[in-house]
Protein chains: 2
Amino acid sequence: MNPNSILQVRSFNRLVAERIGALDDRFLQANRPMNESRLLWEIGANGEELRVLRDRLDIDSGYLTRVLQGLERQGLIKIRTSPADRRVRRATLTQSGLKERLKLDKRSDDLAIDILETLTERQRRLLLSAMEQVERLIQASMVHFDIEDPGHVDAEWCFRHYFKELNARFENGFNPEQSISADADELVPPKGLLLVVRLRGEAIGCGALKFHGKQFAEVKRMWIIERMRGLGIARRLLRALEECAAEAGVRQLRLETNQTLHEAIALYKSYGFSEVKAFNAEPYAHHWFQKPVETRRGSPART
Amino acid sequence: MNPNSILQVRSFNRLVAERIGALDDRFLQANRPMNESRLLWEIGANGEELRVLRDRLDIDSGYLTRVLQGLERQGLIKIRTSPADRRVRRATLTQSGLKERLKLDKRSDDLAIDILETLTERQRRLLLSAMEQVERLIQASMVHFDIEDPGHVDAEWCFRHYFKELNARFENGFNPEQSISADADELVPPKGLLLVVRLRGEAIGCGALKFHGKQFAEVKRMWIIERMRGLGIARRLLRALEECAAEAGVRQLRLETNQTLHEAIALYKSYGFSEVKAFNAEPYAHHWFQKPVETRRGSPART
DNA sequence: ACGAAACGTTGACTTCAGTCAGAGAATGAA
DNA sequence: TTCATTCTCTGACTGAAGTCAACGTTTCGT
């Protein structure tokens with residue numbers, strides 16, 4: 001890695017940490033313990049279950065209880081047992097709790113305004129677009145892949161969006177019924193596997209393998225959410241799938257794709273797939289590709 | 001302020017705080033209290049005086065003492081009385097202290113590498129240049145102006161660089177002796193004043209006024225360090241000087257400048273100065289400008 | 001030479017953050 | 001029905017962060 005690049009990133013980190021130091025300060029300056037602020041924030045206008053809060057803020061349950069009791073004593077929240085599951089408790093903001101939360105909100109706005117207001121209109125535009133750029137690229141570095149059951153809610157969410165997109169892009173629409181199957185049971189080891197792409201716990205894409213013995217595996221269900229495209233995530237997903245195939249001892253990857261999916265075709269070609277003649281009767285396909293499985297050094301299977 | 005701009009900044013802040021959140025983690029993960037880490041870092045390879053540390057980290061002096069004693073007990077630092085001023089104490093890293101500091105250093109590098117390594121070369125270039133852009137523009141919003149004595153070390157530092165630059169840019173060099181005076185005593189109230197531009201406590205520019213009764217004030221010593229140009233800082237400095245003039249009841253600003261200083265001339269014109277015929281005999285000047293002093297609403301005199 | 005100011009140290013706090021073990025109530029699965 | 005699991009709360013901690021006042025030493029300005 002280029003040392004100057006590292007220095008640039010570090011210098012950026014330092015500055016931003018200092019300036020946005022509001023990292024904590026957004027909450028800290030509020031003249032109330034940070035965890036109280038974080039909780040007021042996370043409870044939100046509609047209330048939230050304690051177990052969700054505990055999970056989101058990664059707080060010890062005993063500790064959470066006490067901080068919440070503090071907030072309740074201050075009259076900022078109410079805690080009630082959930083009617084649906086009486087083990088579960090749910091916190092909601094009171095009127096004054098909502099007001100406190102608005103103050104936090106305002107503090108965030110003020111910080112943003114403070115940064116923007118000294119700049120000229122042109123500088124402001126430059127800053128915002130540079131920020132967006134940084135944001136997207138940093139997000140790309142936060143993406144990770146998890147092996148997941150196809151029945152998982154995130155997996156189903158991805159499939160729905162994937163089908164919807166195919167339906168919109170294909171010349172004559174897309175109906176999964178008519179396509180070669182990749183059913184839930186085919187995407188679970190040992191018959192296959194499904195990777196869900198996540199960013200901060202939120203699903204943003206998927207990709208699957210359907211094994212055919214050691215001879216070859218089909219790549220299926222490659223999809224990345226629109227707003228995260230162009231960041232090389234699909235390529236990393238492909239590499240992760242190839243690693244999985246390699247681990248399973250599979251010798252070849254195969255896939256077919258539709259002519260309207262230009263980006264995908266470009267990706268497969270540049271990744272090392274070669275176009276071959278049709279090896280199946282997938283009605284929606286115009287191109288068939290294959291590639292020998294390689295184990296790439298230095299590429300972590302799942303990150 | 002445009003609400004979408006605010007949202008973009010907030011979203012950026014959130015992400016970066018989370019990702020760089022290593023802000024603390026850089027120090028925290030180190031499995032040692034954060035302030036210990038921060039101190040190891042700030043003491044640096046050459047040691048540092050306690051009063052400087054206290055100032056930089058904004059730590060209570062009693063607290064500082066105790067944390068440092070902790071570090072000394074761990075054999076990471078030594079604290080000695082400064083020979084120059086025996087009130088002052090100075091902390092220096094021991095061998096193992098240096099090693100610990102290297103670990104922190106490595107942690108920073110790792111974070112940077114972690115962000116960069118998943119990206120393609122092209123994305124990496126994009127990210128770095130966007131980061132630089134963000135950094136510069138955010139810095140612009142952190143700049144502030146202080147009234148300072150011309151004898152102050154920062155002021156002298158600025159003057160030296162200012163003269164050096166004039167000497168390099170003027171056709172026949174520049175010798176302050178031959179120029180119309182703006183001596184130290186002329187830049188102190190009530191005869192005049194000096195503003196030093198600072199970024200995080202570090203001087204990056206200056207600008208001065210030399211009063212001639214209520215009738216007019218001369219703008220002198222306008223200079224911004226090269227790397228911070230193009231960010232509208234000089235314009236804000238000019239406005240700050242104008243505010244000072246307004247407060248002093250002065251009716252007009254005047255200045256003269258050399259033809260090689262294109263940016264300055266462009267700034268003065270666009271700021272509202274009009275070129276007039278020579279009102280003094282400054283040997284280095286080619287252009288003379290003046291402008292009536294206005295009080296601009298909503299513009300903080302010194303930020 | 002004297003008083004004010006600067007610099008550091010100590011003691012005696014308070015408040016936050018975070019951990020761990022144990023126990024009770026509700027729920028779900030066999 | 002029983003038993004394991006989930007969810008929450010309590011008690012009893014440790015350790016870090018941060019504040020305040022008092023005091024001693026050294027230096028500086030006059």
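Proteins come first, then strands; the chains are lettered A, B, ... in the order of their sequence lines, and each starts at number 1. Computed from a predicted structure; not experimentally measured. All values below were derived from every heavy atom in this structure, side-chain atoms included, with hydrogens, water molecules and symmetry-related copies excluded.
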Could you pull out the closest heavy-atom pair between B:Leu237 and B:Phe145, with the gap in Å?
-> N-CZ, 3.6 Å
Between C:dT9 and B:Arg89, is there an OP1 or OP2 to side-chain N/O distance shorter than 4.0 Å?
-> yes
What is the distance from OH of A:Tyr63 to P of C:dG22, rounded to the nearest Å?
-> 23 Å
Can we say B:Asp110 and B:Lys106 salt-bridge, meaning some charged N sits less than 4.0 Å from an Asp/Glu carboxylate O?
-> yes
Length of the line joining B:Glu72:CD and C:dG8:C1', which is rounded to integer Å | 13 Å
Closest to the B:Asp60 side chain: D:dA17, D:dC9, D:dT19?
-> D:dT19
Write down the distance between CG (B:Leu64) and P (D:dT19), rounded to a whole number of angstrom.
-> 13 Å
Side-chain H-bond candidate by donor/acceptor type, A:Glu100 with A:Gln74, under 3.5 Å = no
Please name all residues satisfying side chain to side chain contact (heavy atoms under 4.5 Å, CB included) with B:Arg86, sequence neighbours left out, ordered by chain then number.
-> B:Thr81
Answer yes or no: does a side-chain N or O of B:Arg86 lie under 4.0 Å from OP1 or OP2 of D:dT26?
-> yes
Carboxylate-amine/guanidinium proximity below 4.0 Å for B:Glu48 and B:Arg54 = no
Give the nucleotide from the list C:dT9, D:dT10, C:dA26 with an atom nearest to the side chain of A:Arg66.
-> D:dT10
So, does the side chain of B:Arg87 form a donor-acceptor pair with the base of D:dT25 at under 3.5 Å?
-> no
Charged N to carboxylate O under 4.0 angstrom, A:Lys220 versus A:Glu186?
-> no
Residue whose nearest DNA chain D nucleotide is more 5′ - B:Ala84 or B:Ile59 = B:Ile59
Looking at the side chain of A:Asp85, which of C:dA26, C:dG11, C:dG18 is the nearest nucleotide?
-> C:dA26
Of A:Ser61 and A:Asp58, whose closest DNA chain C nucleotide lies nearer the 5' terminus?
-> A:Asp58
DNA chain C nearest-nucleotide lookup for B:Arg90 and A:Glu36: closer to the 5′ end is B:Arg90
Verify the contact: side-chain N or O of B:Gln69 to OP1 or OP2 of C:dG8, cut-off strictly under 4.0 Å; return yes or no.
-> no
B:Leu39 CG to D:dG18 P, in whole Å, measures 12 Å
When rounded to whole Å, the CZ to C1' distance for the pair B:Arg54 and D:dG18 reads 15 Å
Output yes when at least one side-chain N/O atom of B:Arg51 is less than 4.0 Å from OP1 or OP2 of C:dC7, else no.
-> yes
Spacing of B:Leu57 atom CG relative to D:dA17 atom P, expressed in whole Å | 12 Å
Euclidean distance, atom CZ of residue A:Arg80 to atom P of D:dC9 [Å, nearest integer] | 14 Å
Are A:Glu42 and A:Arg101 ion-paired here, with the side-chain N under 4.0 Å from a carboxylate O?
-> no
For atom CG of A:Asn35 and atom C1' of C:dT19, their distance in whole Å | 14 Å
Results of ring-ring contact (aromatic ring centres under 6.0 Å, His included) for A:Phe163 - residues two or more places apart only = A:Phe174
Closest listed nucleotide, where the reference is the side chain of A:Leu50 and the choices are D:dC9, C:dG8, D:dT5 | D:dC9
Return the angle between end axes of the helix from C:dA1-D:dT30 to C:dA30-D:dT1, with five pairs used per end and rounding to 10°.
-> 30°
